[in-house]
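Just below is one structure, and these are the notes that go with it.
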Amino acid sequence: MRVLAIDYGRSRTGLAVTDPLQLIAGGLATVPTAELESYLTDYLGREQVERIVVGMPRQMDGTDSENMKRIAPFVNRLHKLFPGMPVDMCDERFTSVLAHRAMLESGISRKARQNKALVDEISATIILQGWMERRVDNV
């Protein structure tokens, strides 16, 4: 079963997913946040997903960032929409910086690097990869 990661944003949300064996994290999509719940309902209706990982925005000192006031109600809605689906929170500090660095190192054109939707999808992939690495470290 897959694990789905969410990089929740005010206007756009990046999504990433593992392969069924949970070995590799890859970008899934970037969707308008207003359409996110219907997208997730559709996706979870046709794919086997074991859990959802949501990026948790933190300040450098470890305190919640301003965006947390939007994410906490979203996580509550996830619990109501998908009862029984485990939802983990994962620190998302530096994911946008890492996403831009990954885009630079992969040789993506300057114009493509300005695509905020692509940055969101890559950020979700980095969140998921980090979650997977921490899970392996704790085994």
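Count residues from 1 along the sequence.
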Inset, instruction - Give the C-alpha distance, both sets of side-chain angles, the deciding distance and a yes or no for side chain to side chain contact (heavy atoms under 4.5 Å, CB included) between Y43 and L28. - result: CA-CA 10 Å; Y43 186 80; L28 176 63; 3.9 Å; yes
With sequence neighbours left out, the residues meeting salt bridge (charged side-chain N to carboxylate O under 4.0 Å, His left out) with E50 are none
Notebook entry, point to check: Given side chains that start at C-beta, do those of R134 and C90 come closer than 4.5 Å, heavy atoms only?
Noted result: yes
Taken in chain and number order and not counting sequence neighbours, the residues that satisfy salt bridge (charged side-chain N to carboxylate O under 4.0 Å, His left out) with R46 are D42
The complete set of side chain to side chain donor-acceptor pair (under 3.5 Å) pairs with one or both residues in residues 23-36, sequence neighbours excluded, reads T13-T33
Q. So do the side chains of L4 and L128 get within less than 4.5 Å of each other, counting heavy atoms only?
A. no
**Prompt:** Does the side chain to side chain contact (heavy atoms under 4.5 Å, CB included) test come out yes or no for M85 and V49, once each step is laid out?
**Reply:** CA-CA 9 Å; M85 174 69 69; V49 174; 4.2 Å; yes
For F74 and E37, the nearest pair of non-hydrogen atoms, with its separation, is CD1-OE2, 4.5 Å
- Query: Does the pair L23 and T18 meet the rule for a side chain to side chain contact (heavy atoms under 4.5 Å, CB included), with working shown?
  - Reply: CA-CA 7 Å; L23 299 174; T18 66; over 6 Å; no
> Do L81 and L36 share a hydrophobic cluster, counting only Ile, Leu, Val, Met, Phe, Trp and Tyr and linking them when any side-chain heavy atoms are less than 4.5 Å apart?
Replying inline: yes
Check: V53 and V87 side chains under 4.5 Å, non-hydrogen atoms:
no
Here the gap from L15 atom CG to T125 atom OG1, rounded to the nearest 0.5 Å, amounts to 9.5 Å
Result for side-chain contact (heavy atoms from CB on, under 4.5 Å) between I52 and one of V75, L44, V3 points to L44
Looking only at heavy atoms, the pair that brings S123 and D7 closest together is CB-OD2, 3.2 Å
In this structure, OH of Y8 is separated from CD1 of I127 (nearest 0.5 Å) by 13.5 Å
Hits for side chain to side chain contact (heavy atoms under 4.5 Å, CB included) against A29, two or more places apart or cross-chain, chain-then-number order -> V31, Y39
Salt bridge (Lys or Arg N to Asp or Glu O under 4.0 Å) pairs touching residues 10-30, sequence neighbours excluded, are R12-D120
Heavy-atom closest pair (A5 atom, A124 atom, distance to 0.1 Å) is CB-O, 3.6 Å
*Within the side chain of Q48, is there an N or O that forms a donor-acceptor pair under 3.5 Å with the backbone of R2?*
no
In terms of heavy-atom contacts, M132 and Q22 come closest through CE-O, 3.3 Å
Value for CD1 (I6) from CE (M89), rounded to nearest 0.5 Å, stands at 10.0 Å
With sequence neighbours left out, the residues meeting salt bridge (charged side-chain N to carboxylate O under 4.0 Å, His left out) with R51 are D88
